[in-house]
Structure formats: C-alpha cells, structure tokens
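All remarks here apply to the structure that follows.
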Amino acid sequence: MVRDAGAAPTVEEVRLPEVGPGQVRVRIRAAGVCHSDLSMINGTLSPPHPLILGHEAAGEVVEAGAGVTRVTAGAHVALNWSPPCRECWFCTHGEPWLCSVANIAALENGSTLDGAPVYVTLGLGAFAEQVVVPERAVIPVPAELPWESAALLGCAVLTGTGAVRNTAGVRAGDAVLVIGLGGVGLSVVAAARAAGAGPVIAVDVSTAKKALAEAAGATDFLVSGDTLSKEVRRLTGGRGADHAFECVGRAATIRAAWRATRRGGQVTVVGMGPADDMVQLSALDIFSSARTLRASVYGSSDPDNEVPQLARDVLAGALRLDHLVTDRIGLAEIPAAFDRMSRGEGARSVVTF
Ligand code: APR
Ligand code: ZN
C-alpha cells in the first residue's frame, strides 16, 4: 500500500468490506508486479491515496455474496482489471475493453486503514492477501492451472497476446518489431512468433533482456539507440517492419517504432505513458508514410472469453509462461521488484502467498 504520493510502499493491516450482493472475496495466491503499478508511484500517473497497488493476480474464491452466479467458494479465478459492464455503448458495440464504466484507475471499495477509506488500483488492489471485488471482475480458470500462470494471464499475457492477434492482426510472414521487453513485450514476442511472424526483432535498452527475448521466440535482438531504424531495415529487406509494438510507454519509443516501420505499416502502442510526454509527427510524414498509429488497451480483448482460452493453451503446452517469471517474492519485497524493473532487470516478479 502507498499511504501518500511519493511515499514508499509499505505492508499494512487493512480492513476489507463485507461481501455485498454480487460481490466475491478472493484469497490471492499469486500477483505479478506490472509496470502500471510502478506508474502509480513514479509520477507517470497521479492516483488518489492511500492506495493498494496490484492488478495482475489470481486466487481462490472464499466467499460469494447474494445473487452471485459466476462462481462458488473454492473456484480458481484470474482477476480482470477492466470488467465490462455489458450495457454501455462500447460493450454493446463489440469493444468491451473500452467499457465506459469499467476502466477506473483507482476506486474506493469500502476498504479502510485505521478507519479511513483506502483506494484500490483498478478496482482490485491485488497486492493483498484477500480482495473483495464485483463478480464480473473474476474469471474462472481450471484448477490445474498454476497460480502464477493464472495471474499473468490477467494482465501481461492477455495484453501482449491480444495486441498481436486482436489489435494488429499479425499474419504469418510479417516482419515484427517489439520495443521494450518486460512481461508485456515478451508476451508480444511470443504471440508474434506463434502467429508465424518473422523476423521478430526484439529491442530493449538492457542487454540483459537478450536471453529472455530469445527464450520468448525472438529471431533478433537489438539494443535501442539512434541507429535502430537502420538496423531494422537491414533485417527486413530494406523496407522496415510491417508491425511495430511499443511496450515501454514513452514518446521517444513511439517515435522509434514509427520510424522503423515500413511505408503503410502499423504501429501499435501497448505501453502507457505520462500525459505530458508529447509525440511529434509531421503532417507530411503522416500522409506520405501512410502508416497507422493506434493503441491496444487490454489487448483489445474480451477477457471473459480470452483468458479461459489462453489457460487452455497453457495447459496444452501451446503457450509457455515459465520464462516470464524471473523472481518469486513476498509482499514486503515489492519495492525491490520496482527497483529491478526500473533498472530493466528480469521479466516478471510474482508475489506468492
Ligand atoms: N527502449 C527500449 N526499451 C526500453 C526503453 C527504451 N528507450 N526504456 C525502457 N525499456 C525497456 C525496459 O528495459 C524494460 O525491459 O522496456 C521494458 C519495460 O518492461 P517493464 O518495466 O517490465 O514493463 P511491463 O510491465 O512489461 O509494461 C510495459 O505496458 O501496460 C504497459 O504500463 C505498462 O507502459 C508499461 C508497458
Ligand atoms: Zn498490468
């Protein structure tokens, strides 16, 4: 939990609300440390406080409130940080990932600290032993699915896989560039390879990411820098990438993705950057390059359908997630995990309980 803007995260005793109608209480078994959690405390976003971090998690239902039909006690679930309402314009027009009521950065859910209200990240606040959430924020997963896998499916893997399949529609033979190799970018690399793309060029500032990129299926690894677009052209017959995925969340890397993409190519922004980091593109460049620039929010996915499908893929051995987890930690070690993340070390740190 973060008590105030700028404060270091601490472990506190929080009182959860009673489980109301349509709500469930979940005992968290695994929670991944995502860059969006770091963005809550490093100034990229300005959430209200005190705030419980964490939104990429899985656990076991311990109590289901009145009228809950989706799960009963004992069910294994992944958490959904943008649970669609199924009623708004976006939900009824096939874009549930843009649901106008679901995606709230932080909200009060009746949790308290010393009697005062506490906010929970994305309606979840999953860096906790237990959470109370609406039933539509839980997605049942098979009991055989490892907890860590279930947790990662709820954010990094769904986001990365969906960006490739749903948002960009990568096809076999496409040349794909991926900038930023955290849990999200490595999931993009794996999904691009699984779609038959090639080359799949993985880029990071940290050379320590090379082995992780190759384990995920990258055909080439490049260090981010001024010559990136030239090096990408060298690997793509002089053309540039058909698809570039920006998985950092910065204007500079969006620009780099844009420049390294071919004429008519597609740039998909997966990273979430700050409000004041401006991307400059010239009017003539936008016209003559004929490129498309768009964002992928939560993998342009419907998590209720796609998380169970991804879970089946993991159990069938078609989707491997083990290489994504590089550190297993306790709640008190989350600040150290943020430090590793800031230095570009490792892939995912997962809190286990
Ligand atoms: N060029 C290339 N790679 C970079 C650069 C850069 N200029 N700056 C940082 N990176 C790399 C880091 O070294 C790191 O490997 O980007 C990677 C980001 O990984 P994580 O911090 O683990 O982030 P992740 O959780 O994968 O999220 C990525 O997606 O959902 C959003 O908010 C999230 O914006 C974040 C992005
Ligand atoms: Zn996340």
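These numbers were taken from a predicted model, which means no experiment stands behind them. Counting starts at 1 for both ligands and their atoms, in listed order.
With hydrogens left out, the protein atom closest to atom 19 (O) of ligand 1 is Gly182 CA, 3.2 Å, a heavy atom. For atom 33 (C) of ligand 1, the closest heavy atom belonging to the protein is Ser36 OG, 3.5 Å. In terms of protein heavy-atom proximity, atom 26 (O) of ligand 1 is nearest to Val184 N, 3.0 Å. The closest protein non-hydrogen atom to atom 21 (O) of ligand 1 is His35 ND1, 2.5 Å. Among all protein heavy atoms, the one lying closest to atom 16 (O) of ligand 1 is Gly180 CA, 3.4 Å. The protein heavy atom nearest to atom 29 (O) of ligand 1 is Gly271 CA, 3.6 Å. Atom 28 (C) of ligand 1 has its closest protein heavy atom at Cys247 O, 3.2 Å.
Comment: Arg348 does not engage Glu148 in a salt bridge, judged by the lack of any side-chain N to carboxylate O separation of less than 4.0 angstrom. Remark: Glu306 does not engage Arg165 in a salt bridge, criterion side-chain N to carboxylate O under 4.0 Å. Using a 4.0 Å cut-off between a side-chain N of Lys or Arg and a carboxylate O of Asp or Glu, Asp304 and Arg86 qualify as a salt bridge.
Among the atoms of Cys34, an N, O or S atom falls under 2.8 Å of the Zn ion (ligand 2).
For Ser224, every heavy-atom contact with ligand 1 shorter than 4.0 Å involves the side chain, none the backbone. The backbone of Val270, and not its side chain, has at least one atom closer than 4.0 Å to an atom of ligand 1 (non-hydrogen atoms only; backbone = N, CA, C, O). Residue contacts with ligand 1 for Ile179 involve side-chain atoms from C-beta outward but no N, CA, C or O (heavy atoms, distance under 4.0 Å).
Vertex the Zn ion (ligand 2); arms to Cys155 SG and His55 NE2; angle rounded to 10 degrees, 120°.
Considering Arg27, Arg25, Arg29 as possible partners of Glu60, the one that fulfils the side-chain hydrogen bond (donor to acceptor under 3.5 Å, both in side chains) test is Arg29. Residue Leu107 is tested with Leu124, Val120, Leu122 for a side chain to side chain contact (heavy atoms under 4.5 Å, CB included); the sole match is Val120. The side chain to side chain contact (heavy atoms under 4.5 Å, CB included) with Val77 is formed by just one residue from the set Ile139, Val61, Val141; it is Val61. In summary, of the residues considered (Val248, Val188, Asp204), a side chain to side chain contact (heavy atoms under 4.5 Å, CB included) with Ile179 occurs for Val248 alone.
Considering backbone and side-chain atoms together, Ser206 places no N or O closer than 3.5 Å to any N or O of ligand 1. Of the polar atoms of Met272, at least one N or O is found under 3.5 Å from an N or O of ligand 1, judged by distance alone. The distance criterion of under 3.5 Å between nitrogen or oxygen atoms is met by Gly183 with respect to ligand 1. Residue contacts with ligand 1: Val248 is placed with a nitrogen or oxygen under 3.5 Å of a nitrogen or oxygen of the ligand (distance criterion only).
Contact atoms of ligand 1 toward Lys209: 15 (O) (distance under 4.0 Å to a heavy atom of the residue). Close contacts of ligand 1 with Leu181, meaning ligand atoms under 4.0 Å from a residue heavy atom, involve 15 (O), 16 (O), 17 (C). Distances below 4.0 Å separate heavy atoms of Arg348 from the following atoms of ligand 1: 24 (P), 25 (O). Each of the following atoms of ligand 1 lies closer than 4.0 Å to a heavy atom of Met341: 21 (O), 22 (O). If you number the atoms of ligand 1 from 1 as listed, the ones under 4.0 Å from a heavy atom of Gly344 come out as 13 (O).
Here the side chain of Thr227 pairs no donor or acceptor atom with the backbone of Lys230 at under 3.5 angstrom.
Side-chain N/O atoms of Asn166 and Trp97 include no donor and acceptor closer than 3.5 Å. Using a 3.5 Å distance cut-off with no hydrogens or angles, the side chains of Arg262 and Thr236 do not pair a donor with an acceptor.
Considering every non-hydrogen atom in both Arg291 and Arg259, the closest pair reads NH2-O, 3.7 Å.
A ring-centre distance under 6.0 Å is not found for Trp147 and Phe353.
Looking at Thr253, Thr207, Asp204, it is Asp204 that brings a heavy atom closest to atom 14 (C) of ligand 1.
For the atom pair Leu319 CG and Leu153 CG, the distance stands at 7.0 Å (nearest 0.5 Å).
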